[in-house]
Amino acid sequence: QVQLVESGGGLVQSGGSLRLSCVVSGKFLDIDTLRWYRQAPGEQRDLIAHFPRGGTPIYKEFVKGRFTCSRDDAKNMGYLQMTNLKPEDTAVYSCGADVYLTTGLRQEYWGQGTQVTVSS
């Protein structure tokens, strides 16, 4: 079974920064694309960035220039550095990963998320 666990959320003032982490664990061969999502109260989950293995991150316009994805494939980790946070960034942030299983299949998994609250 593959699990994703996010950490690093919290309460921050407007203009502040946070760094989220996502660790992928379990039995698998490799990680392909890593994704970051967020879901604000009463809204649908939005994809905010995705990072193909061996490629460069691609961001949604509303986070471009403020959020930066990185990954450490040796540690099965993904990171989301968030700067200049705004109250409208308040949401539950979660990660997703396309994982190559030992069966040879590729499947996406998601974490439960971590709360980010930005006060004005």
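This chain uses plain numbering: 1 for the first residue, then up along the sequence.
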Can you name the side-chain contact (heavy atoms from CB on, under 4.5 Å) partners of Thr56, sequence neighbours left out? none
Partner set under salt bridge (Lys or Arg N to Asp or Glu O under 4.0 Å) for Lys64, not counting sequence neighbours: Glu61
Sorted by chain and residue number, the side chain to side chain donor-acceptor pair (under 3.5 Å) partners of Glu43 (sequence neighbours excluded) come out as none
Salt bridge (Lys or Arg N to Asp or Glu O under 4.0 Å) involving Arg66 - partner list, sequence neighbours excluded: Asp89
side-chain hydrogen bond (donor to acceptor under 3.5 Å, both in side chains) contacts touching residues 9-18 (sequence neighbours left out): none
For the residue pair Thr68 and Tyr59, what are the closest heavy atoms and their distance? CA-OH, 3.3 Å
Write out all pairs satisfying disulfide (SG to SG under 2.5 Å) with one or both partners inside residues 30-93, taking only residues at least two apart or from two chains. none
Applying side chain to side chain donor-acceptor pair (under 3.5 Å), name anything that partners Arg71, two or more places apart in sequence or on another chain. Asp73
For Tyr93 and Leu80, work out which heavy atoms get closest and say how close. CD2-CD2, 4.2 Å
For a 4.5 angstrom cut-off between non-hydrogen side-chain atoms, does Leu101 reach Val2? yes
Heavy-atom distance under 4.5 Å between the side chains of Arg38 and Val63, does that happen here? yes
Which residues pass the side chain to side chain donor-acceptor pair (under 3.5 Å) test with Asp30, not counting sequence neighbours? Arg53
Contact between Tyr109 and Phe28 at the side-chain level, heavy atoms closer than 4.5 Å - yes or no? no
Which donor-acceptor pairs under 3.5 Å do the side chains of residues 19-27 make with protein atoms, sequence neighbours left out?
none

Evaluate whether atom CD of Gln107 has more than 12 neighbouring non-hydrogen atoms of other residues, nucleotides or ligands under 6.0 angstrom away. yes
Are Leu29 and Ile31 grouped together when hydrophobic residues (ILVMFWY) are joined by side-chain heavy atoms under 4.5 angstrom apart? no
side-chain contact (heavy atoms from CB on, under 4.5 Å) with Thr33: which residues, sequence neighbours excluded? Arg35, His50, Pro52, Asp98
Cluster question for you: counting only ILVMFWY and a side-chain heavy-atom cut-off of under 4.5 Å, with indirect links fine, are Leu85 and Phe62 together? yes
Any side-chain heavy-atom pair from Trp36 and Met82 closer than 4.5 angstrom? no
Approximate separation, where rounding is to 0.5 Å, of Leu4 CG and Leu34 CG: 8.0 Å
Should Leu18 and Phe67 be regarded as members of a common hydrophobic cluster, given that ILVMFWY residues are connected when their side-chain heavy atoms come within less than 4.5 Å of each other, either directly or indirectly? yes
More than 12 heavy atoms of other residues, nucleotides or ligands under 6.0 Å from CD of Gln3: is that the case? no
Restricting to non-hydrogen atoms, name the atom on Phe51 and the atom on Ser70 that form the minimum distance, rounded to 0.1 Å. CE1-CA, 3.7 Å
For Arg106, what residues pass the side chain to side chain donor-acceptor pair (under 3.5 Å) criterion, not counting sequence neighbours? Asp32
Indicate every side-chain donor-acceptor pair of residues 113-120 with a distance under 3.5 Å to a residue at least two apart or in another chain.
residue : atom : partner : partner atom : Å
Thr114  : OG1  : Gly9    : N            : 3.2
Gln115  : NE2  : Ala91   : O            : 3.4
Gln115  : NE2  : Thr117  : OG1          : 3.3

Cluster overlap Met77 with Ile48, hydrophobic side-chain contacts below 4.5 Å: no
